[in-house]
Structures are given as structure tokens and as C-alpha cells.
Enquirer: 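Structure provided below as C-alpha cells; questions to follow.
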Amino acid sequence: MKFIHVTDTHLVEPGARLYELDPLERLAQCIADINRNHADAEFAIVTGDLAHAGKLPAYRALKAAFSKLRLKTHFMLGNHDNRRNYLAVFPESPLDANGFVQFSFDTAIGRFVCLDTNEPDVPWGILCDARLAWLKTELSRAGEMPVYLFMHHPPFAVGLRRMDEVALQQPERFAAALAGRRNIRHLFFGHLHRPIGGSWRGIPITTMRATSHQVALDFVIEGVVPGSHEPPAYAVVLADSDQTVVHFHDFLDKTNTFML
Ligand SMILES: [Fe+2]
């Protein structure tokens with residue numbers, strides 16, 4: 001099965017720039033590239049920070065931009081998002097019983113469980129009692145079925161000092177919810193604006209660069225996030241019962257291709 005992972009679109013009002021970039025123009029190029037090369041994917045998932053400042057015009061622009069994508073898209077929230085404004089523009093969004101934008105859906109390879117870690121007015125991620133209970137219920141409903149987890153905030157540190165401070169604040173609660181389960185196949189997340197793979201407590205993990213601005217690879221600077229203009233990316237995921245392969249694609253790369 002093929003699906004597309006996009007993250008951190010950080011849209012602002014159409015025409016406005018963010019860190020010297022036009023995030024809407026970049027997203028349009030990302031969507032055009034997916035349409036050209038991966039229209040056969042099953043769906044796309046966007047792991048949050050849909051809008052940079054959580055404003056209505058940005059969500060309207062997001063909706064218009066993704067209306068051009070030839071794939072069904074699942075949207076999730078990040079810390080930059082505003083749940084109320086998002087829902088005003090996306091009233092069809094799935095919600096849990098407490099109004100969080102978290103949902104599960106079944107695919108040919110297993111159940112995809114998408115968490116809402118947004119907490120208003122703070123940059124870090126939260127797994128409160130209500131969201132933890134929802135996660136436990138979804139995992140228990142999945143039974144032995146393979147589970148693929150999606151969330152904006154990683155539940156672990158990666159060595160980027162300020163970003164590590166604003167990761168999920170309850171990693172042990174999250175880990176406890178997963179403990180003993182051997183069917184968690186992969187954890188996809190956003191937030192870091194960098195290509196990162198590895199594993200956490202035995203679970204394979206990946207994230208990649210944003211479609212907007214990036215975070216610099218710097219393990220020294222504290223207290224602020226060093227930005228970077230490294231190229232944007234999306235990921236093409238090829239997954240079946242044996243393996244999960246994540247291809248990172250720099251969709252603005254203009255270097256030529258040739259036959260070896
Ligand atoms: Fe972000």
C-alpha cells in the first residue's frame with residue numbers, strides 16, 4: 001500500500017510570507033508533485049501545524065489547496081493550530097467524543113490511529129486523561145491488528161534542544177498505553193521540520209522536513225529554535241505486512257536525473 005505523509009504546512013494568509021518563504025506556494029508545488037507522481041497512493045496524511053498562527057484565512061487556503069490533490073487527505077492538528085478555527089473551516093473533520101481532532105481508520109495493512117496533541121497557547125504537546133483514554137480504547141479495539149500511529153509531537157527527545165523542550169510532555173503515559181503491544185508497526189510524527197528516522201522503545205519512527213521552513217541541525221543553541229532554508233519535502237510510504245519503507249522526496253529539487 002502506498003500513502004503520502006506531509007507535515008507542517010504552516011500556512012499564513014494567502015500572499016503573506018513566513019521566514020522569507022511563501023508556504024502556500026510551496027504547498028501548491030508539493031500537491032502538484034504528488035498529483036504528477038503518486039496519484040495512485042491510497043491517501044495523504046498531514047501531521048499538523050496546518051496553519052502558522054491558527055487563523056481562518058490560512059485554513060481556507062489549506063482547504064482550497066488540498067481540493068486540488070487527487071487523494072483523500074486526513075488532517076491532524078499541531079501546536080500552531082487553532083482547533084476552533086480549523087473546525088470552522090473543516091466542519092466535516094472527524095472528532096472524538098470530547099471534541100478532539102483524533103480518529104482511527106482501517107486500511108489494507110492495519111489500523112491508522114491519529115492523535116490530537118494540540119493544547120491551546122502552548123508549543124508543547126499534551127496527552128491528557130481524556131485523550132489517553134481514547135488512545136487506550138482505540139488500541140484495545142484494534143486487538144492484534146497492525147497499528148500505525150500518527151501524532152504531531154514526538155514523545156521523545158532528539159537532541160535539538162529547544163524542540164526537545166516542546167515535545168510531548170507525557171511520554172511515560174504514552175509509552176504505558178503502548179506497553180506490551182507487539183502490533184505497533186510505526187510512529188509517524190511532525191513538529192521537528194527535519195528528516196529523522198530511528199526507533200523509540202522498539203517502535204520504528206520517522207518524520208521529515210516541512211513543506212514550509214525548516215529547523216537547523218544544531219545541538220548547541222538553547223532557548224530558541226534555529227531555523228533553516230533547507231529544501232522542503234514530503235514522504236512516500238510503501239507498506240505491507242512485511243515492511244514499512246519511507247521515501248523522503250525533496251519536491252523542489254531541480255537537479256537533473258540520468259541513467260547510470
Ligand atoms: Fe511546525
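First listed ligand is number 1; within each ligand, the first listed atom is number 1. The shown structure was predicted, so the numbers you read here are calculated from the model rather than taken from an experiment.
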Enquirer: Closer than 2.8 Å to the Fe ion (ligand 1), what protein N/O/S atoms do you find?
Expert: Asp8 OD2, His10 NE2, Asp49 OD2, His193 NE2
Enquirer: Quick one: side chains of residues 30-37, donor-acceptor pairs under 3.5 Å with protein atoms, not counting sequence neighbours, listed by atom name and distance.
Expert:
unit_1, atom_1, unit_2, atom_2, d
Asp33, OD1, Asn37, ND2, 3.3
Asp33, OD1, Tyr234, OH, 2.6
Asp33, OD1, His249, NE2, 3.1
Asp33, OD2, Arg36, NH2, 3.4
Asn35, OD1, Arg70, N, 2.8
Asn35, ND2, Lys68, O, 2.8
Asn37, ND2, Asp33, O, 3.1

Enquirer: Using the rule that two of Ile, Leu, Val, Met, Phe, Trp, Tyr join whenever any of their side-chain heavy atoms come within less than 4.5 Å, decide whether Val225 and Tyr19 are in one cluster.
Expert: no
Enquirer: Donor-acceptor pair, Asp253 side chain versus Asp250 backbone, under 3.5 Å?
Expert: no
Enquirer: Checking Gln214 side chain against Ser228 main chain: does a donor-acceptor pair fall under 3.5 Å?
Expert: no
Enquirer: Under 3.5 Å, side chain of Asp116 to main-chain N/O of Val101, donor-acceptor pair present?
Expert: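 Such a contact is found between Asp116 side chain and Val101 backbone.
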Enquirer: When the ring centroid of His213 is compared with that of His229, is the distance short of 6.0 Å?
Expert: no
